[in-house]
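Working notes, beginning with the structure itself.
Protein chains get the first letters and strands the later ones, always in sequence-line order, with residue 1 at the start of each.
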Protein chains: 2
Amino acid sequence: MEKGKRHVSLKDLANEIGVSISTVSRALNNHPDISPEVTRKIQQLAAARNYTPNPLAMGLLKQATRMIGVIVPDLVTHFYSSIISGIEQVAEEKGYYILIASSNETLQKEIKAVNNLLKTRVEGLIVCLSQETRSYEHFDRLIQNQIPLVFFDRVCRMGEVPTVVVDNEDAAQKITRHFYRNGFRRIGYIAGPDHLSISQERTRGYLSGLKSCGLEFRPELLEKCNLSSNDAIEATGRLLSLPEPPDAIFGINDTIAFAAMKEIKSRGLRIPEDVALVGFTDEFHSTVVDPALTSITHPTFEMGQEAARLFFKRIENPEAKPDQVVLNTKLVVRKSSVK
Amino acid sequence: MEKGKRHVSLKDLANEIGVSISTVSRALNNHPDISPEVTRKIQQLAAARNYTPNPLAMGLLKQATRMIGVIVPDLVTHFYSSIISGIEQVAEEKGYYILIASSNETLQKEIKAVNNLLKTRVEGLIVCLSQETRSYEHFDRLIQNQIPLVFFDRVCRMGEVPTVVVDNEDAAQKITRHFYRNGFRRIGYIAGPDHLSISQERTRGYLSGLKSCGLEFRPELLEKCNLSSNDAIEATGRLLSLPEPPDAIFGINDTIAFAAMKEIKSRGLRIPEDVALVGFTDEFHSTVVDPALTSITHPTFEMGQEAARLFFKRIENPEAKPDQVVLNTKLVVRKSSVK
DNA sequence: TTGAAAGCGCTAACAG
DNA sequence: CTGTTAGCGCTTTCAA
């Protein structure tokens with residue numbers, strides 16, 4: 001290996017042994033044409049020299065980079081990092097790498113991430129939409145060009161693109177009924193932006209949950225916010241300032257549940273005595289807050305795994321009808337919602 | 001562009017216009033040799049056809065992939081994801097991508113991650129050691145081969161490798177003194193594995209802090225644990241079961257601080273009345289737990305930025321003496337440590 | 001059984 | 001001003 005070069009190439013091996021590059025290539029691929037002894041010798045040298053095939057060269061040749069782009073709304077929320085871990089696990093098994101980008105919940109950065117990832121020649125994308133995203137041209141381009149695409153959690157273009165979601169309507173219904181069973185009657189709900197699939201579905205579950213309990217829907221108890229902590233705090237404030245404030249609230253995700261908890265406490269109200277609270281959060285954080293938070297836990301790691309599996313299915317069989325995987329959630333009851 | 005091909009190449013453009021590939025290449029690079037009108041025409045077509053240079057080809061040619069490998073102990077802790085965001089931001093400015101791998105706190109996966117990332121021809125690595133790592137051959141190989149390497153938070157081979165850390169000794173001293181000032185005298189400390197730089201340094205700060213307050217060091221108040229939640233719970237248990245248990249505890253990181261909080265509460269003890277608690281955590285989680293947790297906050301995002309900057313410095317000037325950046329922490333006092 | 005040559009997409013030295 | 005050629009590392013015909 002010449003100095004300055006950090007990786008051994010087939011050429012280096014070929015020169016050292018005194019055979020041609022193609023012989024080395026074949027030997028390393030266990031091609032039957034090459035004599036066993038030559039093969040052995042070459043493989044030994046390759047191991048000794050720490051040879052690994054250059055993925056750039058392979059990529060050029062095969063037009064396949066073995067890289068998947070993953071776009072999430074943010075990196076620091078446990079929900080997404082856990083999903084990423086799931087994706088990574090399955091990808092690794094297949095010898096793929098993932099390139100992670102964050103949209104920061106903005107459409108602009110999402111579009112940029114799509115473009116950047118495509119520039120790097122990822123073989124396809126696994127995406128959770130940003131909360132701002134309500135036009136989908138940047139994804140339609142991919143669909144037209146047959147670039148493998150999978151959505152999870154916040155999805156669009158279902159039917160054209162494989163998706164992994166949880167049964168959001170069911171989850172929201174479970175929460176509403178749980179409140180009812182525990183004696184709460186003025187059930188408030190802090191939703192997200194209307195155009196998000198998860199928000200719509202959970203709102204639907206909230207409404208049908210109320211209905212099935214024989215409760216009337218009161219518009220003032222349904223608050224909306226963008227998914228930021230600050231906005232959620234304000235939304236909670238509005239609910240609590242109502243002439244007849246709710247005796248129970250559920251927040252559409254992690255961020256909102258915690259924000260609501262902060263705001264309730266900061267007003268000197270007790271949970272669950274004055275206001276019960278349920279959120280969508282993970283196991284760990286739910287138990288560390290006080291009172292422990294009743295919550296819908298997502299099977300995040302599995303969501304990631306499933307998304308990756310759908311991705312590979314897509315690569316292997318691009319023409320097949322896209323799958324729609326729906327995972328189940330679990331309502332874990334803790335102190336925050338039981339008087 | 002032939003069908004089936006997902007990306008336009010110089011050749012495609014060249015054929016379409018009827019010039020040579022090199023003319024197209026030069027035009028796109030604004031080479032002065034090419035006539036202005038030809039340049040304009042080519043650039044227009046390239047834009048229309050959505051041409052982007054193939055990074056694989058460039059990588060092959062230039063022997064530079066513009067990718068950085070990042071290895072962290074885990075992905076789901078806010079501390080690391082926030083650092084990653086910082087790295088990513090600086091990398092993006094330089095037109096670099098990062099490839100993230102998790103060691104899962106094990107040496108075995110760390111070694112594997114190093115090898116895998118090198119296989120993909122990343123230009124170098126930015127790493128936080130796993131808690132198990134006490135032998136460094138896998139990094140020495142990189143150092144010998146002049147492959148750019150930066151360590152952050154948990155570091156080794158200082159002097160040979162640029163590092164970014166916080167002033168851990170100072171931080172631990174701050175905590176100890178804070179306890180003392182607030183009337184606590186039996187100050188317990190839950191450390192991590194001995195071989196970790198952060199653990200050593202914080203222990204040193206704990207000891208010097210005690211000394212400067214005129215307190216005697218009691219060995220039974222210094223507990224060790226691996227950095228898992230369960231182990232931290234046990235360590236806390238041991239402290240609390242002491243004949244003379246501590247009236248204040250500080251935990252070496254996020255995970256441990258939360259675990260300690262759980263264990264203290266589960267024994268029916270009050271914070272801070274029975275036991276005061278201080279941790280190393282981020283802003284957000286510190287305020288959502290109850291009581292709000294006094295803590296040392298790391299400038300995580302800046303740590304990431306700084307690590308990336310050191311990395312590029314290394315690439316640009318491989319011979320320079322490696323920098324050792326030390327960032328400051330802040331003690332944010334909340335309810336958990338003030339009676 | 002092995003080698004030579006072409007080609008994946010790109011740049012740069014060399015010709016014209 | 002533009003085209004030809006070689007080469008980055010690899011696989012795969014085609015020849016021998």
Whole-Å distance, B/Leu13 CG to C/dT11 P, equals 12 Å
Could you tell me the separation between the CG atom of B/Leu56 and the C1' atom of D/dT11, rounded to a whole number of Å?
16 Å
Could you state the CG-C1' distance from A/Leu60 to D/dT11, rounded to the nearest angstrom?
12 Å
NZ of A/Lys62 versus P of C/dG7: gap in Å, rounded?
18 Å
Within a strict 4.5 Å, meaning less than it, do heavy atoms of the A/Val165 and A/Ile198 side chains meet?
no
Selection: residues 21-28 of chain A, any non-hydrogen atom under 4.0 Å of DNA chain D
A/Ile21, A/Ser22, A/Ser25, A/Arg26
All side-chain hydrogen bond (donor to acceptor under 3.5 Å, both in side chains) counterparts of A/His138, not counting sequence neighbours:
A/Glu110
Given atom CD of B/Gln63 and atom C1' of D/dG7, what is their separation to the nearest angstrom?
11 Å
Hey, is the side chain of B/Lys11 poking within less than 4.0 Å of OP1 or OP2 on C/dG7, counting only N and O atoms?
no
What integer distance in Å separates A/Leu10:CG from C/dT2:C1'?
15 Å
Under 4.0 Å from any atom of DNA chain C, heavy atoms only: list the residues of residues 117-125 of chain B that qualify, in numerical order.
none
side-chain contact (heavy atoms from CB on, under 4.5 Å) partners of A/Glu93, counting only residues at least two apart:
A/Gln89
Minimum-distance pair of heavy atoms, taken over all atoms of A/Arg154 and A/Leu129:
NH1-O, 3.0 Å
Side chains of A/Arg134 and A/His195: do they bring a donor and an acceptor to under 3.5 Å?
yes
Could you say whether B/Ala57 or B/Val19 is positioned toward the 5' end of DNA chain D, judged by the nucleotide with the nearest heavy atom to each?
B/Val19
Below 3.5 Å, can you tabulate the donor-acceptor pairs from side chains in residues 50-58 of chain B to any protein atom, sequence neighbours excluded?
unit_1	atom_1	unit_2	atom_2	d
B/Thr52	OG1	A/Arg121	NH1	2.7
B/Asn54	OD1	B/Leu56	N	2.7
B/Asn54	OD1	B/Ala57	N	3.4

Any residue in residues 29-52 of chain A with a heavy atom nearer than 4.0 angstrom to DNA chain C? Just list them by number, or reply none.
A/Asp33, A/Ile34, A/Ser35, A/Val38
In this structure, how many angstroms lie between the P atom of C/dG3 and the CD1 atom of A/Ile17, rounded?
11 Å
Test side-chain hydrogen bond (donor to acceptor under 3.5 Å, both in side chains) applied to A/Asn317 - qualifying residues, sequence neighbours left out:
none
B/Leu61 atom CG is separated from C/dC10 atom P, nearest whole Å, by 10 Å
Check: A/Val161 and A/Val155 side chains under 4.5 Å, non-hydrogen atoms
no
Residue set satisfying side-chain contact (heavy atoms from CB on, under 4.5 Å) with A/Asn30, at least two apart, ordered chain then number -> A/Thr39, A/Gln43
Between its two end axes (five pairs each) the helix from C/dT1-D/dA16 to C/dG16-D/dC1 turns, nearest 10 degrees, through 60°
List in chain and number order the residues that pass side-chain hydrogen bond (donor to acceptor under 3.5 Å, both in side chains) with B/Ser25, two or more places apart in sequence or in another chain; answer none if no residue qualifies.
none
Could you note down all residue pairs passing ring-ring contact (aromatic ring centres under 6.0 Å, His included) where residues 140-162 of chain A supplies at least one of them, sequence neighbours left out?
A/Phe139-A/Phe151
Applied to residues 91-114 of chain A, the ring-ring contact (aromatic ring centres under 6.0 Å, His included) test, sequence neighbours excluded, yields A/Tyr96-A/Phe312
Look only at the side chain of B/Ser102 and the backbone of B/Asn104, and say whether a donor-acceptor pair between them is shorter than 3.5 Å.
yes
Which atoms form the tightest heavy-atom contact between A/Ala113 and A/Ala101, and what is the distance?
CB-CB, 3.9 Å
